[in-house]
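Quick one: the structure is below, and I'll ask about it shortly.
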There are 2 protein chains.
Amino acid sequence: MAPIATTQIIPVDDKPVKPASAGYSPDEREQTVLNTMRLLAADLCQQYGSGHPGTAMGAASIAIALYRYQLRYNPANTEWFARDRFVLSAGHASLLQYIILHLTGHAFWSLDVIKNYHGPVLHGPAAGHPEIEFPGIEVTTGPLGQGIANAVGLAMAGKQLGALYNREGFPIVDGKVWCFTGDGCIQEGVGMEAISLAGHWGLDNLIMIYDQNNVTVDGTIDACFTDDTPAKLAAQGWHVISVGEVTNDVGKIVAALDEARTVRGKPILVHVQTSIGYGSSKANTHLVHGSPLGADNLAETKQNLGFDPSAKFVVPPEVYEYFAPVGPRGAKAEAEWTALFDRYAAAHPTAYAELTRRLEGKLREGWEADLPSKESLPADIATRTASSLAIQALAPKDVSWITGSGDLASSCLVNYPGQVEFQNPTTALGDYTGRSVRWGVREHAMAAVGNGLAAYHRGAFLPVISTFLMFFLYSSPANRMAALQRLRVIGVATHDGIGVGALGPTHQPIAVAALFRAIPGMTFLRPADAEEVMGAYLVAAGETHANRPSIISLSRQNLPLLPGTDRNKVKLGAYVVHGDDKAAITLVATGSEVSLAVQVADKLAAQGLAARVVSMPSQVHFDAQPEAYRRAMLPTRESLVVSIEAYVSTGWAKYAHAGAHMVGFGHAAPADMLYEYYGFGVDNLTRRIGEFYHEHAGNLPAAGEYVELLEGRVPNEWALEV
Amino acid sequence: MAPIATTQIIPVDDKPVKPASAGYSPDEREQTVLNTMRLLAADLCQQYGSGHPGTAMGAASIAIALYRYQLRYNPANTEWFARDRFVLSAGHASLLQYIILHLTGHAFWSLDVIKNYHGPVLHGPAAGHPEIEFPGIEVTTGPLGQGIANAVGLAMAGKQLGALYNREGFPIVDGKVWCFTGDGCIQEGVGMEAISLAGHWGLDNLIMIYDQNNVTVDGTIDACFTDDTPAKLAAQGWHVISVGEVTNDVGKIVAALDEARTVRGKPILVHVQTSIGYGSSKANTHLVHGSPLGADNLAETKQNLGFDPSAKFVVPPEVYEYFAPVGPRGAKAEAEWTALFDRYAAAHPTAYAELTRRLEGKLREGWEADLPSKESLPADIATRTASSLAIQALAPKDVSWITGSGDLASSCLVNYPGQVEFQNPTTALGDYTGRSVRWGVREHAMAAVGNGLAAYHRGAFLPVISTFLMFFLYSSPANRMAALQRLRVIGVATHDGIGVGALGPTHQPIAVAALFRAIPGMTFLRPADAEEVMGAYLVAAGETHANRPSIISLSRQNLPLLPGTDRNKVKLGAYVVHGDDKAAITLVATGSEVSLAVQVADKLAAQGLAARVVSMPSQVHFDAQPEAYRRAMLPTRESLVVSIEAYVSTGWAKYAHAGAHMVGFGHAAPADMLYEYYGFGVDNLTRRIGEFYHEHAGNLPAAGEYVELLEGRVPNEWALEV
């Protein structure tokens, strides 16, 4: 075993804020607390005849163990930076979280707010799945498996900040990440990929509670899932604590979590069993998973649990009393931490300043000027290579950047000289200060863990993830969650277009751009040359994107630096890069097809057809421009507008009369040959567009009459037979 | 343990075609064969300066063990139905497969054909990844992890056909499925999900060879992947055979595979180690993964392996001789099987007829008439419920159908009375005759394993997979592979639109339709009512879709049966369902928004604005209609055409002047409230469309001027700040 990297040797005097564990002693109120939570959940589902009562009823003991005894949590300030973070990966059990937030004294989560669960309220906080907009919620969960991966990202962020900023006597970042997962999340590929990463990195600040109640939507899991999960996770580098049945045993859970706190060098799985829907005669069946108990069964359940069947939403005073220590303890911990952080400011002013800047969500001042000037850019490079110039200019100088690849760093070019890898510090490969991440062949987890990094504290990290654009489809459910949650993550997506050579159709992302352009809150950028790549980084990392993910689509093949490109115009979405204002023909293109369009425009001009070229690196930016600008760029009433992009035409009828696009999947062949074969050769485009112009001048296609210029040019094996 | 289901007790007299294992004895030519394969791979990469030599060089011994000794394989007929199936999940190692096909005498795979690897040839068979179109290739691989899942599907198909059709003395379906996977595939979530399923089902006809060479694109795997894979798979119900280093040891692999053949009740992992790029001084590094050796290194490698450094593409005669027994053995096995199958035809004519019908790719004759008539359909049901009526009418009567769900059967309604579950026959849950599949919470594997089912023999299976439309995004990389490979799989995608209530934005698939409509070869259907659901099944299961996957997008909420809908017009893509021909306004809508459009049209008519409604269940079908039909349906020069769909507007400018669409993510709330809030209320739409008409009559928006009618109506948290 390699020596521990020196940056990791941080003798921590952690008395000021640790341990959060309050120490468990038997409490006679506990059963009442458990039953109160169960019946609250059941009542909340019953009121509108909809909801997920079962897990909240079965796993109430877990929520108690966490919030009453374990979490570093101040209900008066759930934004406290040094807090522990809790992720409810089984998001459909959101009631469990709302109820515990309420009972522990979180003012926002009043009983009235929670009563809107599944009610006729628009964007009520007590949503069917926890939503990041609301206090006390770290990430939006619901799509299964994402939460596990997010938790890994939060743990990774904590380890990195701790490694970078903790100093002797100043454990300012040492919170834990607790994740609650059930039988659903644990089956998902994205969760398994993230579990593998956490084990590889040895993230011992991550404690995942697997609540095995053996029931999912369709029934008991023996019908579909027979993995030995503890053994599986042990094989993936996790420390496993098997606890057994804990439905009514808070103490047993607290003890297991106390044990988990002592584990070093591995993430911890705490495996417990609970009885879904406990208290109801429907317990341990899927009937209580996603449906209310029904009035009769609910009344019976109340009787079973010693409550008045006719009363609703009952919280006996001793329940609030039971949780009363939580608030003061959290407030005290926060105050102690704040004092510690003040002393840290004095003792370590440089580190403090840097961390504070990050906590304000700011990148290094003046970073934009570090990008290479247009004059200094090579005349002919792949845009993926230009992207590497941007990353090399920016990432080494700013610790906010954390770049990595899904085993394609050598293709996506996100590495830079002097980088340190984010690795388990017990290896010689790197340590937790490392900002270069080897995600392995795990695209989906890369994006979902990246979301966790971004969610740790908004703006403190700028995660850059990378793979081929094609394989962003694997990660797309997580990219979408980034957009929904407004998390800034940059995707470096190389090998775009069809110019991927022998890799062939499985690697040609001809339909992927359509998805990313369709997702609200997502910026999909396809720069035309190295200069526009710089503009893409100005946009993606810039202030207007503090709350947006981006994907930058980049070429494998070289592209000429175009005289007309301008990094500062990328944010306009589209602008003229070639030709004059009064053109009979306007070619609107993106990425590698822009330089091609310039050649076509020149050929058309040589035939007496004035043509200009509009580069459109970002549709969403163009759509946000004033109408006058949009009409000036793409004057469809005066000029034939033709879109050119080596993807399917989806979305282009919004901008153009006709277009040159792929109409089926591509094939394996060298890029030049493919462009020629599919009709993107300069001569073919010139001929086809010229013909089309002469046919339609004076009678341009109307809305709804968009024409595929390349359809029928080559056999399309994927055409529909009708 | 439950008794074995009787359908499984098939005493198999399998002498006619088993074992395929030829029995290994040391052969002095073997090292020459190994080195010949290595140098062929190295030469093939060197010639065009591109390719993946390393795995082909390191794992040549595995290919030999399989094709020379184990596979039931007739090089003269790789379409032989009873063959073993081999999946190269690590598709980038395609050379390994092409070379072994050539050496074992497959006429198609001449050396000249293989020499086109990475060459300037369009759609050459020797593509960078194996492609299903070419003989001897079972599935197209390349996107990592898919191949593992496809192999699970092939094994599942084999088990099912065996359980349905084998009879005493007639083991007509008992082939094995061999899968080759490397360090990349094994990290992917989709692979892990499929591995979990194979273990759960106990598929002992699946033998997966994990070739751990410890190197992926970016370097050695210790930097990103430290799972103990054998232990992990053992925990997932696999039998593990650990073999060790086998780079030059064919015998050791053959022995392990012989052992694997004896395992019953579990899929088998054969774990071997090889030396990537063996023979080169760059061996065991990522330098030989995806790049040629370089001229000097290649010459040195040839010397190292005892070959003439100046000669290329050398195949000594003894190499062909070594493989000479393969062809006759395969031909004999096929002949014996064919004789057996002929006797089976006589002994079991009914089973023979059914199987033969399936092997011809046909569904049960006259199935279309089994769908409930429009008259018999309820007046107001969710389209997901209508889908269940279709499935109940079709699936029980035709063994080709194999339906299942990713733990949402109770929501997606793909079950039917009397169904038998596909389950490990050692459980009491079902057996291998079962055609109802519990996929668990594994959307991606569901689709990728489904592709394997469909690929076993074209048309023999009609897999129906199901989850919420939103979670088809998880499976989309596999759905795309179905389209690329032209595999018929039907996706039942429920909870479409925004009407998913408290499930909220994480479950609202507002951008997913854009993706599936963009994928060539994919049919995305969004039926307006129960009648159009029947039309959707006529399309998706019909003959014109023998080579296409479909996704049928269905509502959770009830929708009225519309007088104007017609199942037989769904295949037109769009048609008039309401209103007259000379309408000033044409509303084009899909799914749940069609009945809404009908109400809007009536309101507009009441204001003196003649409006008609076009239902557009399938854009790809509409696009395939003659221009005259398309213009007649959506006459944008005479009528204001407004699209209405509760998704983002992506793609609608192709058909309409303006549209009512989502402009950001939705929120959690009851469906009615959401429709109202986002502007889809009948009154709001009527007002907004009426206003727009009056503003633009006589000056309809031109191409490129598509207007979002609902933009600005509600705050859009996801709008771009510019």
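Quick note on labels: first sequence line is chain A, next is B, and so on, each numbered from 1.
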How far does CD of A/E188 sit from CG of B/D407, to the nearest 0.5 angstrom?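 These two atoms lie 9.5 Å from each other.
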So, does B/R486 use its side chain to make a donor-acceptor pair with the main chain of A/E717 at under 3.5 Å?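 Yes; judged by distance alone, with no hydrogens or angles, the pair exists.
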Value rounded to 0.5 Å, distance of CG in A/N424 from OG1 in B/T226: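 Going from the CG atom of A/N424 to the OG1 atom of B/T226 covers 8.0 Å.
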Can you give me the closest heavy-atom contact between A/A231 and B/A235, atom names plus distance?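 Minimum heavy-atom separation between A/A231 and B/A235: CB-CB, 3.7 Å.
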Over 60° means perpendicular and under 30° means parallel, so tell me whether A/Y474 and B/H444 are parallel, tilted or perpendicular.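 Aromatic pair A/Y474/B/H444 classed perpendicular.
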Relative to chain A, which segment of B/E193 carries a heavy atom at a distance below 4.5 Å: side chain, backbone, both, or neither?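 B/E193 touches chain A through backbone and side-chain heavy atoms alike.
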Would you say A/R480's side chain and B/L473's backbone share a donor-acceptor pair under 3.5 angstrom?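 Side chain of A/R480 to backbone of B/L473: no pair is present.
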Name the region of B/M662, side chain, backbone, both or neither, that has any atom closer than 4.5 Å to a heavy atom of chain A.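 Answer is neither: B/M662 stays 4.5 Å or more from chain A.
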Is the shortest side-chain heavy-atom distance between A/I510 and B/P520 below 4.5 Å?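 Yes, side chains in contact.
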Heavy-atom pairs under 4.5 Å with chain A - which of B/G184, B/A445, B/A514 has more of them than the others?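 Maximum pair count with chain A is reached by B/G184.
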Per-residue contact mode, B/T141 against chain A (heavy atom under 4.5 angstrom):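 Backbone only.
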Under a 4.5 Å heavy-atom cutoff, which of B/D228, B/D227, B/D183 has the most pairs with chain A?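 Top count of heavy-atom pairs under 4.5 Å with chain A: B/D227.
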Working to the nearest 0.5 angstrom, can you tell me the gap between A/R442 CZ and B/Q187 CD?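 So the CZ of A/R442 and the CD of B/Q187 are separated by 4.5 Å.
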Most heavy-atom pairs under 4.5 angstrom with chain B, which of A/A624, A/P120, A/A234?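 Looking at each of A/A624, A/P120, A/A234 in turn, A/P120 comes out on top.
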Among A/L144, A/T506, A/L515, A/T650, residue most engaged with chain B (heavy-atom pairs, under 4.5 Å):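 Ranked by heavy-atom pairs under 4.5 Å with chain B, first place is A/T506.
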Which one wins on heavy-atom pair count under 4.5 Å against chain B: A/T544, A/V121, A/I519, A/N716?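 Counting heavy-atom pairs under 4.5 Å, the top option is A/V121.
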Working to the nearest 0.5 Å, report the span between CG of B/L122 and NE2 of A/H667.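 Going from CG on B/L122 over to NE2 on A/H667, the span is 6.0 Å.
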For chain A, which of B/M192, B/E711, B/Q625 has the most heavy-atom pairs under 4.5 Å?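 Top count of heavy-atom pairs under 4.5 Å with chain A: B/M192.
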Between OG on residue A/S196 and CD1 on residue B/I186, distance to nearest 0.5 Å: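 Between A/S196 OG and B/I186 CD1, I get 10.5 Å after rounding to 0.5 Å.
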Between the side chains of A/R630 and B/E705, is the shortest nitrogen-to-carboxylate-oxygen separation below 4.0 Å, so that they form an ion pair?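 Looking at B/E705 and A/R630, the cut-off is not met.
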Looking at B/E708, B/M470, B/E131, which makes the most heavy-atom pairs under 4.5 Å with chain A?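 That would be B/M470.
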Part of B/L634 lying under 4.5 Å from any heavy atom of chain A: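 The answer is neither part of B/L634.
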Around A/E133, counting heavy atoms of other residues, nucleotides and ligands shown, do more than 12 lie under 6.0 Å from its CD?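 Yes, because the 6.0 Å sphere around CD of A/E133 holds more than 12 heavy atoms from other groups.
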Between B/D218 (side chain) and A/S410 (backbone), is there a donor-acceptor pair under 3.5 Å?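 A pair under 3.5 Å: yes.
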Tell me, out of A/Q619, A/E627, A/E421, A/Q146, who's got the most heavy-atom pairs with chain B below 4.5 Å.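 Ranked by heavy-atom pairs under 4.5 Å with chain B, first place is A/Q146.
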Polar side-chain atom of A/H129 near backbone of B/G504 as donor-acceptor pair, under 3.5 Å: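 Checked: no pair found.
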With a 4.5 angstrom heavy-atom cut-off, which part of A/M522 approaches chain B: side chain, backbone, both or neither?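 Contact with chain B involves no heavy atom of A/M522 at all.
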Would you mind telling me which of B/S405, B/G704, B/G189, B/A669 has the largest number of heavy-atom pairs within less than 4.5 Å of chain A?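 Of B/S405, B/G704, B/G189, B/A669, B/G704 has the most heavy-atom pairs under 4.5 Å with chain A.
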Which atoms of A/A483 come close to chain B, meaning under 4.5 Å heavy atom to heavy atom: side chain ones, backbone ones, both, or neither?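 Looking at A/A483, backbone and side chain both touch chain B.
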With chain B as the partner, which of A/G406, A/G145, A/G199, A/G521 has the greatest number of non-hydrogen pairs under 4.5 Å?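 The candidate making the most pairs under 4.5 Å is A/G521.
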Which atom pair, heavy atoms only, marks the closest approach of B/L700 to A/R637?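 Taking every non-hydrogen atom into account, O-NH2, 3.2 Å.
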Part of A/Q423 within contact of chain B (heavy atom distance under 4.5 Å):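 Looking at A/Q423, just its side chain touches chain B.
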Relative to chain B, which segment of A/L233 carries a heavy atom at a distance below 4.5 Å: side chain, backbone, both, or neither?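 Contact with chain B is absent: no heavy atom of A/L233 under 4.5 Å.
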Looking only at heavy atoms, which two atoms of A/A511 and B/A518 are closest? And how far apart?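 Reported closest heavy-atom pair: CB-O, 3.7 Å.
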Measure the spacing between NE2 of A/H123 and CZ of B/F665 and express it to the nearest 0.5 Å.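 Those atoms lie 12.0 Å apart.
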Toward chain B, the part of A/S476 with a non-hydrogen atom under 4.5 Å: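 For A/S476, the contact with chain B is made by backbone and side chain together.
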Per-residue contact mode, B/D222 against chain A (heavy atom under 4.5 angstrom):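 Both the backbone and the side chain of B/D222 come within 4.5 Å of chain A.
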Can you say whether B/V663 sits under 4.5 Å from chain A via the side chain, the backbone, both, or neither, judging by heavy atoms?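 Backbone only.
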By a 4.5 Å heavy-atom criterion (distance strictly below it), what part of B/A409 contacts chain A: side chain, backbone, both, or neither?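 Contact with chain A is through both the backbone and side chain of B/A409.
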Counting only heavy atoms not in A/D672, do more than 12 sit closer than 6.0 Å to its CG atom?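 No.
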If you count heavy-atom pairs under 4.5 Å between each of B/H286, B/H118, B/H507 and chain A, which one has the most?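 Winner by heavy-atom pair count: B/H507.
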Answer with side chain, backbone, both or neither: which region of A/T229 has an atom nearer than 4.5 Å to a non-hydrogen atom of chain B?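 For A/T229, there is no contact with chain B at all, as no heavy atom is under 4.5 Å.
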Report which part of A/P701 has an atom under 4.5 Å of a heavy atom belonging to chain B: side chain, backbone, both, or neither.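 Only the backbone of A/P701 comes within 4.5 Å of chain B.
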Just give me the residue among A/G128, A/G219, A/A223 that pairs up with chain B most often, heavy atom to heavy atom, under 4.5 Å.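 The option with the most such pairs is A/A223.
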For a side chain to side chain contact (heavy atoms under 4.5 Å, CB included) check, start with the C-alpha distance between B/F225 and A/H200, then their side-chain angles and the critical distance, and finish with the verdict. CA-CA 6 Å; B/F225 181 63; A/H200 173 69; 5.9 Å; no
Please state whether the side chain, the backbone, both or neither of B/V648 comes within less than 4.5 Å of a heavy atom of chain A.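 For B/V648, the contact with chain A is made by the side chain alone.
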A/H545 side chain vs B/L720 backbone, donor-acceptor pair below 3.5 Å: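 The answer is no, because no donor-acceptor pair under 3.5 Å joins these two groups.
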